Amino acid sequence: MDYNHKEIERRWQGHWRENHTFRCVENPDKPKFYVLDMFPYPSGAGLHVGHPLGYIASDIYSRYKRQRGFNVLHPMGYDAYGLPAEQYAIQTGQHPEITTQRNIARYREQLDKIGFAFDWSREIRTCDPEYYKWTQWAFMQMFNSYYDLDENKAMPVSRLAEHFAVRGSEGINPASSKALSFSVDEWNSLSEKEQLERLMNYRIAYQGETMVNWCPELGTVLANDEVSEGLSVRGGYPVEQKLMNQWCLRVSAYAPRLLDDLEKLEWSESLKETQRNWIGRSEGAEMRFPVVGKDFELEIFTTRADTVFGVTFMVLAPESKYVPLLVGEEQRSAVEAYLDEVKHKTERERQIEKKVSGVFTGSYARNPLTGKEIPIYVSDYVLAGYGTGAIMAVPAHDSRDYAFARHFDLPIIPLIEGADVSEESFDAKEGIMTNSCGPELDLNGMQVKEAIAKTKRFISEKGIGHVKTNYRLRDAIFSRQRYWGEPFPVYYKDGTAYLMDESELPLHLPEVDSYLPTETGEPPLGRAKGWHTKDGYPIELCTMPGFAGSSAYYLRYMDPRNNDALVGHEANEYWRNVDLYVGGAEHATGHLIYSRFWNKFLFDLGAVCEPEPFKKLVNQGMIQGRSSFVYRIKDTNTFVSHGLRKQYDTTPIRVDIGFVSNDILDTDAFRAWRPDFKDAEFILEDGRYVCGYAVEKMSKSMFNVVNPDDIVERYGADTLRLYEMFLGPVEQSKPWDTNGIDGVNRFIKKLWNHFVRALDAPQKEASKEELKAIHKLIKKIGSDIESFSFNTSVAAFMIALNELSALKSTSREVMDLFTRVIAPFAPHIAEEFWSLLGHEGSVADAGWPLFNEEYLREDSVKYPVSFNGKARYTIEVPADCSREDVEKAALADAGAEKWLGGKTPRKVIVVPGKIVNIVV
RNA sequence: GCAGAAAUGGUGGAAUGGUAGACACGAGGGACUUAAAAUCCCUUGCCCUUAAAGGGGCGUGUGGGUUCGAGUCCCACUUUCUGUACCA
């Protein structure tokens, strides 16, 4: 009976489907375990061999947990809204829904072949109205909420409005876009429209004029995490800054909680650190500098309050509202020219130039501690969106201020003893203060840290400023001028935004005749006919961004068909949150922040019971492609083998890896590949053409894509699963190398043959050695899975099989145990074994074998004996030997005399079960 | 610049502070075969030594340190990858 993976895998995948083996139901009698993969965006290219890496790892983990008696939730779905389908729709006119459905069908087909234990009855798609109803619902809740900084949670906006009506802005502390203060009378004298406008300043989902990342090429705004180095992450198009009225989410209000709660999570330190940096907490002080000759003050933020004595000028962001108030007549044209120049620079251009630029406003401020007058400048190195949009410049101790001071020839006053500021600034926060004595405050002789604290105390007492913590985390821009996304349940009455009624959800995405913006520059929804409420009010034309649908999907899996709630209370109480989340680290500052924010908001609302969505997170590495190259001699059609290429002047050409096996080129296939290679000549080495290789991103254009279907077809899903794990640690990025797969495939075949032979042979009681081999395996695999070290598990299976083969094991008991232990990794062959062993049902229900320490006990223990740490010989002593006896045995050995050379040992160290070290 | 991770044979990679290189690929040799494929067996970090069995030395990016003992812990440096950046 030969191993026929196609037949076995088809049969068992059918069995799982027909028996709903992996359908899971809430069961209060069983402990739950929620294993989640980041759901994929179904792209047109289908899955390549890198995508399933994380899914295989999580599948092994969830199958293992299930065998250990947990009620495992392991769902899958699709992040179906996305740019590629829309771009494709623009080009072809095909509805993105159709493209998406087709891609999903293809993904499903590919996933099914690998034999995952997903509960497909819980599948969700973000573009499904039954799903996005709850995305829209969450938005409505955010619209109806504000963040109360005293209560430290989201509260109903109605409560805020009631408070305003009774006490005005006094006595309540809401997070806001800009700080406002007004009396009861002022509030009550506002019209409804004006009141709504004012409330917009506090809502968690709010509309605001903000500087946004505008991508003209894509015709839409992008969130900060969708822009990298001034280019859009998708497509790589230039992004510029533009002031636009957009929907935003007040993520910044949650910054302290997002930061603090990181501590509780079992995430990798590097990922937590990335989030900490992104949230960017900095403790400092806000301080006011009076403007000479004007009746207002400039407020700045600084983390270096100690350096006030070294402030020689001030700088405003170009967008600062103070700029027009400070410009003198003489400087007006220069300032305007500068502002104009800055406005037309894209983010990218600003970054590339990195040139010092700026202009004097004509006004001066007074240093509140020294009383000295200092000039006020405008420069784009100060950002409007951070702090107060204005800084006090201390050129001696800040490199940016230093560069600016040098350029404009402004004074530089060193404040730290021994700091040499002739060439560069001294930025370190350490040293002893000097030059820092004023009429009321003396910092001289203090350490920087003390000086900061003292200055903060001083300015608070004097009312010059106050202690302040700033966060870098910005509010998320939530509008996209696109078609393929969730419509906002918002309509406009007289230009004011109103929410629709919850009963009107889901608000379906309308049909349009084209997916491009309208002639007047409105988003594609501007083309939708009848896009208004039944009273004729126009509906919002923007749609929500990609992260809207992916922010709460893990909650929906808990209760995917619930029509009355995002997730029912009971289902949520049972599943709580994700125990293990597996996905790429590239989502560190996007999805993983938004999801945590979204979850916390729902937690404040009382809609979910856990403050964090993902308890443990594992970032699987990327699998890169391994591209193959041939070397064409310039101006010829002759190709030279890799080892000989240096003797010629060659151009490397990527070749489809389908023609290459173990770096040897199939020259006939290569000739047949393209017409211009038809008459190719080859210079061989050892009769073969050896290709070069490079590790690159796996992509069609590099001809290095390996399709999992092909691997499954040729070797079987079990081999693919084991091999992907065998490649190396899940967390690590590594190139795909099909070369090694034969080894794993050989193991599977040997396992099959061993099993079939054992079943045919007459049965014997399992020997001590057999039991030892299998129990060693059980122990090893259990601890490996718990610690996510799947690559060493595969090696352990190979070793165990070798041992059992060598022992000519025929024991059914042993085979039974082996089957259960390998089931999470190679479920198809395990099911087949399970059935051949005469069991009914699925091995997934078989339970995990408990290893018995008794079988692992040795009669004797081998000790390597070292001299000064260098191992020299081995002794064997009975297992129950005492420490002294081991020492005696070590010194009694014939080798001892030789290595001791007649000397007496100074010390003998015996580590039980490990080693004997003799110090001479 | 800043932060995080990493560096081990020809390759992917193993090693709770205790005989470095498990396991696999590749390579070399052999068996079976008319032949090939498949399968099986042996060798495979480097160097020296021996007729052979064997013996010895050196080895985990570099330099220091802690320790009876360091791939593992500490310090400095080099390189690579990842993230992030006029964030005051």
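Throughout, a chain's letter reflects where its sequence line sits, starting with A, and its residues are numbered from 1. All of these numbers come straight from a predicted model, not from anything done at the bench.
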Quiz item: Distance between the P atoms of B:U11 and B:A27, in whole angstroms?
Solution: 15 Å
**OP:** For B:G69 versus B:G18, give the span between their C1' atoms, rounded off to a whole number of Å.
**Re:** 7 Å
Under a 4.0 Å heavy-atom criterion, the protein footprint on nucleotides 72-83 of chain B, written with B, S and -, is -----------S
Output row for RNA chain B, stems defined as at least 3 consecutive Watson-Crick or G-U pairs under 3.5 Å, is B:1-7 with B:78-84, B:10-12 with B:23-25, B:26-31 with B:39-44, B:45-49 with B:54-58, B:61-65 with B:73-77
Can you tell me how far C1' in B:A14 sits from the matching atom in B:U19, rounded to whole Å? 15 Å
Please give the distance between the C1' atoms of B:G61 and B:G71 as a whole number of Å.
12 Å
- Item | Electrostatic pair A:Arg276:A:Glu269 at N-O distance under 4.0 angstrom | yes
Could you tell me how far B:G12 sits from B:U62 if I compare only their C1' atoms? Round to whole Å.
25 Å
When rounded to whole Å, the NZ to P distance for the pair A:Lys780 and B:A15 reads 6 Å
**OP:** Examine A:Arg596 relative to A:Trp278 and say whether NZ or CZ is less than 6.0 Å from the centre of the six-membered ring and inside a 45° cone about the ring axis.
**Re:** no
Rounded to whole Å, the CD1-P distance (A:Ile748 to B:A38) equals 18 Å
TODO: For this output row, return yes or no: ring centroids of A:Phe404 and A:Tyr377 closer than 6.0 angstrom.
DONE: yes
With rounding to whole Å, what would you report as the distance between B:A22 and B:G9 at their C1' atoms?
-> 14 Å
- So does A:Lys870 get a side-chain nitrogen or oxygen closer than 4.0 Å to the phosphate oxygens (OP1/OP2) of B:G59? no
Rounded distance in Å between the C1' positions of B:G63 and B:G56: 28 Å
Requested in this report: Let me see the working for A:Lys272 and A:Glu263 under salt bridge (charged side-chain N to carboxylate O under 4.0 Å, His left out), right down to the final yes or no.
Outcome: CA-CA 8 Å; A:Lys272 286 196 207 175; A:Glu263 301 306 319; 5.4 Å; no
Q. CD of A:Glu424: more than 12 outside heavy atoms within 6.0 angstrom?
A. no
Scanning both residues in full, the closest heavy-atom pair of A:Tyr863 with A:Ile915 reads CD2-N, 3.8 Å
Is it true that A:Lys772 and A:Glu858 make a salt bridge, defined as a side-chain N closer than 4.0 Å to a carboxylate O? yes
What's touching nucleotides 4-7 of chain B from the protein side, N or O pairs under 3.5 Å?
none

Using atom P in both nucleotides, what's the gap between B:A52 and B:U60 to the nearest angstrom?
29 Å
- Task: Kindly indicate whether the side chain of A:Arg400 and the base of B:C87 share any N or O donor-acceptor pair separated by less than 3.5 Å?
- Result: no
